[in-house]
J.: 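Questions regarding the structure given below will be posed in turn.
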Protein chains: 2
Amino acid sequence: MLSGVSQSTVSRVFREGAPVSKTTRKKVEAAAAALNYSPNQIARSLITQRTGLIGVVITDPSNRAYPDVLFYLGQEIQESGGRMLVVALPRDGETAGATREILAYHVDGIISSAILDDASIEMCVPAHVPVVLFNRSTSNANTSTVGCDQHAGMELLVQHMAAAPTGRVSLLAGPEWAPVSKDRMQGAVYALTRCGIEFAPVMHSDYTFEGGRQSTRALLSGADGPQTVICANDAMALGVMDACRFELGLRVPEDVAVTGFDDIPQADWPSYRLTTIRQPVRRMAKATVRMLMELIEGTASSGERRLLMPELRVRASSREGPAG
Amino acid sequence: MLSGVSQSTVSRVFREGAPVSKTTRKKVEAAAAALNYSPNQIARSLITQRTGLIGVVITDPSNRAYPDVLFYLGQEIQESGGRMLVVALPRDGETAGATREILAYHVDGIISSAILDDASIEMCVPAHVPVVLFNRSTSNANTSTVGCDQHAGMELLVQHMAAAPTGRVSLLAGPEWAPVSKDRMQGAVYALTRCGIEFAPVMHSDYTFEGGRQSTRALLSGADGPQTVICANDAMALGVMDACRFELGLRVPEDVAVTGFDDIPQADWPSYRLTTIRQPVRRMAKATVRMLMELIEGTASSGERRLLMPELRVRASSREGPAG
DNA sequence: CTGTTAGCGCTTTCAC
DNA sequence: GTGAAAGCGCTAACAG
């Protein structure tokens with residue numbers, strides 16, 4: 001070594017709590033600075049069995065719906081001393097290939113906001129790589145998950161709605177296979193039924209603004225008088241609002257009340273002021289990373305399902321109750 | 001080895017173009033499948049000097065402005081056989097620390113949509129890690145960049161504007177330190193001057209919808225009659241539109257014409273229909289990854305600056321010219 | 001075509 | 001406190 005010490009000593013300098021004298025530490029640090037040296041994490045991981053890498057799986061749709069999630073996850077992971085190895089999937093579907101590749105990098109753990117199929121999850125078990133699902137569920141009882149209580153969110157929304165005249169109620173769901181949409185719609189149906197509010201059969205769309213816009217005419221047809229549309233997410237709700245106003249000549253909320261779910265930034269824009277349910281995305285990200293880290297440390301056991309409570313955001317797109 | 005062959009043979013099976021007999025290959029593959037084995041990329045990288053990792057640096061603001069970029073980069077990187085190591089910075093600022101950590105993972109290359117400071121770029125040179133900047137510039141002449149021709153974009157916009165009466169023209173820039181905003185504003189000023197259109201002194205905001213909204217009153221004050229506001233990005237432009245309509249009682253485009261830059265999805269929503277400049281984000285991502293891969297392969301040399309041409313998107317927020 | 005050997009850059013015993 | 005030696009899982013050069 002150019003600093004005049006052995007390799008082991010250099011190694012000790014770059015690890016905390018290793019026994020090194022102040023003098024040699026200084027010497028080594030000086031040499032390292034001069035050579036712009038920093039230890040190769042990759043080589044280290046070979047022996048420590050820790051890469052510091054966290055595999056993060058996202059899909060195009062999930063990324064579009066929550067552009068911040070990846071960023072939040074990144075921040076939390078970095079604060080915990082890890083790095084994100086991101087795998088971007090074009091759509092939901094088979095994930096075993098991607099999982100295998102992630103595993104080939106010997107990540108310390110995996111976070112997925114994509115729907116991981118059973119094969120993928122079962123690959124992680126023998127590899128001792130813990131998995132935490134973000135706003136996703138799985139049949140595998142041993143997998144930890146963090147999510148938002150979609151069902152409770154819809155109940156909040158329906159309770160709010162029920163305080164004012166609703167007219168005919170229609171429901172606009174996301175894609176048929178989307179579990180989050182399903183949870184939300186089930187919550188809405190349950191709450192509506194409990195409140196004794198009738199509703200039209202659920203229509204499905206694709207979670208996008210365009211999808212919401214194009215579904216509006218069909219959604220509202222065959223009924224007179226005021227109506228209410230409950231959408232499975234904000235993007236579709238905003239599409240419905242624009243379709244009402246610019247294509248059907250209807251006023252929101254006077255003719256059609258609209259609600260969403262997510263509380264994306266646009267929901268608060270003056271053009272929309274959409275009543276919606278706020279998912280605590282930031283807290284969800286924090287909880288996800290924390291849970292994964294505990295799994296990695298071995299201080300928690302797998303299979304925990306943590307549901308965070310969303311909040312109602314009442315804005316002008318829904319009718320006011322008698323009190324308002 | 002449990003398949004009854006040597007380790008080197010196993011290694012050969014998992015590398016393409018290595019000489020292995022069909023029989024042994026089958027044997028090894030069977031054993032691998034049974035054990036769910038796949039080679040450790042990390043260990044491999046130690047000897048091949050290739051990790052397959054591409055460091056990607058993003059910031060909160062850049063991620064918010066172009067949520068798709070990271071996804072597109074990911075897709076392109078994965079198609080080229082690489083993986084993304086993402087570092088998320090809370091804001092633009094010092095980047096040397098983050099760079100050092102990325103380098104510690106011996107990435108094959110780095111893509112940054114954050115402003116990398118000189119110290120960071122100069123750390124990558126001795127490490128032989130090529131860097132490509134995404135929509136960013138640097139004083140380091142040896143660094144490759146891919147970006148959008150902001151200047152040309154604004155010229156397209158001004159030419160379009162000049163075909164119709166503009167009234168008083170004001171400019172709303174992004175933060176003072178933001179290079180992209182600066183490029184765009186310089187382009188606008190140049191084009192306006194060339195067209196002989198006068199304009200008020202440039203105002204600065206923060207690139208956000210809220211920022212645009214709050215700047216509007218000041219922007220439009222002290223003038224009667226129709227006006228035109230040229231914004232450095234779409235988010236602010238949409239904020240200006242909403243402020244005009246919902247706070248100042250002004251019509252767009254009749255009283256105030258508004259233009260943006262980026263062509264974010266919301267720009268095309270019926271509530272806004274914002275005239276703007278479309279950055280070819282997808283193509284930019286592709287070009288960035290391609291350039292980096294060539295740098296890594298050694299088939300290209302560094303320092304290239306590639307500017308892609310943006311497109312004008314005329315919508316209802318700007319006034320129509322005599323022909324329209 | 002296949003096995004043997006050395007070694008990538010680090011950490012970890014174990015002496016000293 | 002510090003150095004020497006072994007070895008993490010793989011690939012590369014060389015025999016056979």
Side-chain angles (χ1 to χ4, degrees), chain A residues 1-32 34-53 81-83 85 100-108 123 126-129, chain B residues 1-32 34-53 81 83 85 100-108 123 126-129 296:
Chain A
M1 290 285 122
L2 302 183
S3 57
V5 298
S6 78
Q7 196 191 135
S8 350
T9 307
V10 176
S11 169
R12 281 189 266 260
V13 169
F14 282 97
R15 244 168 330 134
E16 52 191 46
V20 199
S21 78
K22 281 214 145 100
T23 351
T24 43
R25 155 159 273 130
K26 285 263 175 281
K27 240 188 329 191
V28 172
E29 279 170 351
L35 298 175
N36 218 309
Y37 166 88
S38 75
N40 183 340
Q41 290 292 335
I42 293 284
R44 157 184 290 190
S45 79
L46 220 53
I47 182 88
T48 59
Q49 305 284 29
R50 280 284 162 84
T51 53
L53 294 174
R83 296 268 152 255
L85 188 71
R100 190 182 308 277
E101 293 197 11
I102 295 178
L103 256 20
Y105 278 96
H106 284 221
V107 295
D108 294 344
M123 283 173 66
H128 301 291
V129 175
Chain B
M1 288 283 121
L2 302 181
S3 57
V5 298
S6 78
Q7 198 192 131
S8 353
T9 307
V10 177
S11 169
R12 281 189 267 259
V13 169
F14 284 95
R15 245 166 329 135
E16 51 192 45
V20 199
S21 77
K22 279 211 148 103
T23 351
T24 42
R25 154 159 274 131
K26 283 262 175 281
K27 242 191 325 196
V28 172
E29 279 170 352
L35 300 174
N36 219 309
Y37 167 87
S38 76
N40 183 340
Q41 291 291 337
I42 292 286
R44 158 184 289 189
S45 78
L46 221 51
I47 182 86
T48 60
Q49 305 285 29
R50 280 285 162 85
T51 54
L53 294 174
R83 296 267 151 254
L85 187 72
R100 190 182 308 274
E101 294 197 11
I102 296 177
L103 257 20
Y105 279 96
H106 284 221
V107 295
D108 294 345
M123 284 172 66
H128 301 290
V129 174
I296 293 173

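The sequence lines fix the lettering, A, B, ..., with proteins before strands; numbering per chain opens at 1. Computed from heavy atoms alone, side chains included, the values below leave out hydrogens, waters and symmetry copies.
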J.: Counting only side-chain N and O atoms of A:Thr9, is one of them less than 4.0 Å from OP1 or OP2 of D:dG3?
T.: yes

J.: Would you kindly give the CG-to-P distance between A:Leu35 and C:dG9, to the nearest whole Å?
T.: 14 Å

J.: Is there a donor in the side chain of A:Ser6 and an acceptor in the side chain of A:Thr9, or the other way round, less than 3.5 Å apart?
T.: yes

J.: Out of C:dT12, D:dG1, C:dT2, which has the shortest distance to the side chain of A:Ser21?
T.: D:dG1

J.: Looking only at side-chain N and O atoms, does B:Tyr37 come under 4.0 Å of OP1 or OP2 in D:dC10?
T.: yes

J.: Can you measure A:Lys22 atom NZ to D:dT2 atom P for me and round it to whole angstrom units?
T.: 13 Å

J.: Under 3.5 Å, is there a donor-acceptor pair between the B:Ser21 and B:Thr24 side chains?
T.: yes

J.: Round to a whole Å and report the spacing from NZ of B:Lys26 to C1' of C:dT2.
T.: 18 Å

J.: For B:Arg25 and A:Ser38, find the nucleotide of DNA chain C closest to each by heavy atoms; which residue's nucleotide sits nearer the 5' end?
T.: B:Arg25

J.: Go through A:Val13 and A:Lys27 one step at a time and tell me if the side chain to side chain contact (heavy atoms under 4.5 Å, CB included) criterion holds.
T.: CA-CA 10 Å; A:Val13 169; A:Lys27 240 188 329 191; over 6 Å; no

J.: Quick one: label A:Pro39 by what it contacts on the DNA or RNA (base, sugar-phosphate, nothing), any heavy atom closer than 4.0 Å.
T.: sugar-phosphate

J.: Just do the ring-ring contact (aromatic ring centres under 6.0 Å, His included) check on B:Phe14 and B:Tyr37 with the steps written out, would you?
T.: CA-CA 11 Å; B:Phe14 284 95; B:Tyr37 167 87; 5.5 Å; yes

J.: Which part of the nucleic acid, if any, lies within contact of B:Phe14, taking any heavy atom under 4.0 Å across all strands shown: a base, the sugar-phosphate backbone alone, or nothing?
T.: nothing

J.: Which of residues 40-48 of chain B have a heavy atom under 4.0 Å from DNA chain C?
T.: B:Leu46, B:Ile47

J.: Side chain to side chain contact (heavy atoms under 4.5 Å, CB included) between A:His106 and A:Leu53: does it pass, once the steps are laid out?
T.: CA-CA 8 Å; A:His106 284 221; A:Leu53 294 174; over 6 Å; no

J.: Treat a base pair as Watson-Crick or G-U wobble with both distances under 3.5 Å, then lay out DNA chain C in dot-bracket form, 5' to 3', with | for cross-strand pairs.
T.: ||||||||||||||||

J.: Applying side chain to side chain contact (heavy atoms under 4.5 Å, CB included), run through B:Ile102 and B:Val129 and close with a yes or a no.
T.: CA-CA 10 Å; B:Ile102 296 177; B:Val129 174; over 6 Å; no

J.: Quick one about B:Arg15 and B:Ser11 (side-chain donor to acceptor, distance below 3.5 Å, no hydrogens or angles considered), yes or no?
T.: yes

J.: Applying side chain to side chain contact (heavy atoms under 4.5 Å, CB included) to B:Thr51 and B:Tyr105, what does each step give before you reach the verdict?
T.: CA-CA 8 Å; B:Thr51 54; B:Tyr105 279 96; over 6 Å; no

J.: If I take atom CD in residue B:Gln7 and atom P in nucleotide C:dA6, what distance separates them, rounded to the nearest angstrom?
T.: 14 Å

J.: Closest-nucleotide mapping onto DNA chain C: is B:Val20 or A:Ser11 further toward the 5' terminus? I mean the 5' end.
T.: B:Val20

J.: Determine the minimum heavy-atom distance between B:Leu103 and B:Ala127, stating which atoms define it.
T.: CG-CB, 4.3 Å

J.: Rounded off to whole Å, could you give me the NE2-to-P distance for the A:His106 and D:dG9 pair?
T.: 8 Å

J.: Would you kindly check whether a donor in the side chain of A:Arg12 faces an acceptor in the base of D:dG3, or vice versa, at under 3.5 angstrom?
T.: yes

J.: Tell me the interatomic distance from A:Arg50, atom CZ, to C:dG9, atom P, rounded to whole angstroms.
T.: 24 Å

J.: For A:Ser8, answer base if it contacts any base atom (sugar-phosphate contacts may also be present), sugar-phosphate if it contacts only those atoms, and nothing otherwise; contact means non-hydrogen atoms under 4.0 Å.
T.: base

J.: Examine C:dT2: is either OP1 or OP2 under 4.0 Å from a nitrogen or oxygen in the side chain of B:Thr24? Give yes or no.
T.: yes

J.: Using atom types as modelled and distance alone, determine if a side-chain donor or acceptor of A:Asp108 lies under 3.5 Å from a backbone N or O of A:Gly52.
T.: yes

J.: What does B:Arg15 touch in the nucleic acid at a heavy-atom separation under 4.0 angstrom: a base, only the sugar-phosphate, or nothing?
T.: sugar-phosphate

